Number of protein chains: 2
Amino acid sequence: MGTRTAAERREESRRAYDAYLAECPARQLLDRLSDKWVTLLLNALADGPRRYAELGRRVAGVSQKMLTQTLRGLERDGLVARTVTPSVPVRVDYALTPLGVSLLPVVRAVKDWADGHIEEVVSAREAYDAGADAF
Amino acid sequence: MGTRTAAERREESRRAYDAYLAECPARQLLDRLSDKWVTLLLNALADGPRRYAELGRRVAGVSQKMLTQTLRGLERDGLVARTVTPSVPVRVDYALTPLGVSLLPVVRAVKDWADGHIEEVVSAREAYDAGADAF
DNA sequence: CCGTATCCAAAAGGATACTG
DNA sequence: CAGTATCCTTTTGGATACGG
C-alpha cells in the first residue's frame, strides 16, 4: 500500500460511475435517445410502416450501416417491429410498436421545441460569436 | 464526361444532405440535444445555479474537458448563463436562462418516459437476446 | 431487395499536466 | 477554483464489396 494514488483513484472513480449507470435506468435509455438517427427514424415511422429502402430515402444522409444498426437497436428495445415477407425479392417492413408509439409524443416535443425556438438559438449564437472575436 | 459515377454521386449526395440540414432548423437543435452531457447538465441545473466543480460532481463521470466543452456550447446557444465573480479564487456560476428553462419540460419528458418504460425495454432486450442465440 | 462484413478515416472523449 | 492545452486511445461511422 503506497503505489495507489492515480491508478487506483481512476479505477475507483470508474467503478463508481458504472455503478451509478447501472442503478439509474434513465441513463441507459438516455444513451439510446441521445442518438440522432434514433430520433430521425422514429419520426420517419410516425405515420405508418415503411420499407427498408424507403427509410433510407426518407432520412437522407444515413448510410446502410447506420440504418441497419439503428433499426436493430430499436427492434431490440421493443420500439420497432420488423416484418419479413418472404417474396422474391424479399420485402421487409418496419413499424412502431405500441411502446414505440408511446415514445412519439416525447420525440415530437423535442422537434416542436426546436421549431419554436430555433431563431432565439441562432440569435444567441451570433451574439456569442460576435463577442468572441470582437476588436 | 465519363469519369463521373461514384465520386460525383457521392458529392451530389453530400451536398443534397447538407442543403437539407441547412434548411431544416430542427436538425441543428437535434444534433445538440442528441448529446448525453447536454441532457444531464440541463437536469443538473434544473433546480438552481451551480458552480463549475459542483456540476462536475453532480453529473458524475464527466471529464473536465467535456464539462467545459458542453457548458460553452450551451452558453453559446443561449441556454445557460455564465457568471464570473472576480474574487480570489475566482468563482463561476452557471444557471439556466429563460430559454433554457423553457427546454426543461422537454428534457423532463424524456426522463419521465424512460423512468416509466425502462422495464418494458429491458424485457424486450432480454427476449431479443434470448432469441438471438437460442439452441 | 435487404442486408452483412471488412477496412479505414475522422471525430469524440479521457488522462495528464500546466496556467491565471 | 476554474479552466486550457496536449496527447493518445476508443468509438463512430462512411465506403466498398459481397451474400441470401
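Letters A, B, ... mirror the listed sequences (proteins, then strands); counts begin at 1. Please read these numbers as outputs of a predicted model, since none were measured by experiment.
- The environment of CZ in B:Arg108 is sparse: at most 12 heavy-atom neighbours from other residues, nucleotides or ligands sit within 6.0 Å.
- Toward the 5′ end of DNA chain D lies the nearest nucleotide of B:Asp93, the other residue of the pair A:Gln69 and B:Asp93 mapping further downstream.
- Within the nucleic acid shown, B:Gln64 comes within 4.0 Å of at least one base atom, counting heavy atoms only.
- Between A:Leu40 and B:Leu30, the shortest heavy-atom contact is CD2-CD1, 4.1 Å.
- Phosphate proximity of C:dC1 to A:Arg51: absent, as no side-chain N or O sits under 4.0 Å from OP1 or OP2.
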Q. Does the side-chain contact (heavy atoms from CB on, under 4.5 Å) test come out yes or no for B:Tyr128 and A:Asp77, once each step is laid out?
A. CA-CA 8 Å; B:Tyr128 184 92; A:Asp77 285 353; over 6 Å; no

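- Phosphate proximity of D:dG3 to B:Arg82: present, with a side-chain N or O under 4.0 Å from OP1 or OP2.
- We find that B:Arg50 and B:Asp93 are not joined by a salt bridge, their nearest charged nitrogen and carboxylate oxygen being 4.0 Å or further apart.
- Going from atom CZ of B:Arg91 over to atom P of D:dA2 covers 8 Å, rounded to whole Å.
- Computed from coordinates, the B:Leu71 CG to D:dT4 C1' distance equals 15 Å when rounded to whole Å.
- Atom CZ of A:Arg57 and atom C1' of C:dC1 are 11 Å apart (whole Å).
- Spacing between atom NZ of B:Lys36 and atom P of D:dT12 amounts to 10 Å, rounded to whole angstrom units.
- Relative to the side chain of A:Ala53, the nucleotides C:dG3, C:dC2, D:dG3 differ in distance, and C:dC2 lies closest.
- If you find the closest nucleotide of DNA chain D to B:Tyr52 and to A:Asp35, the one lying nearer the 5' end belongs to B:Tyr52.
- Among the nucleotides C:dG3, C:dG13, D:dG14, the one closest to the side chain of A:Thr68 is C:dG3.
- When the P atom of C:dC2 is taken as reference, atom CD of A:Glu54 falls 9 Å away, rounded to whole Å.
- Among C:dC2, C:dG20, D:dG3, the nucleotide with an atom closest to any side-chain atom of B:Val90 is C:dG20.
- Atom CZ of A:Arg32 is separated from atom P of D:dT12 by 11 Å (rounded to the nearest Å).
- Here the C1' atom of nucleotide C:dT4 and the CG atom of A:Leu67 are 13 Å apart, to the nearest Å.
- For A:Ser63, whose side chain is taken as the heavy atoms from C-beta onward, the closest listed nucleotide among D:dG3, D:dG14, C:dG3 is D:dG14.
- Residues B:Leu74 and B:Leu96 have side chains not in contact (no heavy-atom distance under 4.5 Å, counting atoms from C-beta outward).
- Atom CZ in A:Arg72 sits roughly 14 Å away from atom C1' in C:dA5 (whole-Å rounding).
- Picking from C:dT4, D:dC1, C:dC7 the nucleotide with the shortest atom distance to the side chain of A:Lys65 gives C:dC7.
- Checking the phosphate oxygens (OP1, OP2) of C:dG3, a side-chain nitrogen or oxygen of A:Tyr94 falls inside 4.0 Å.
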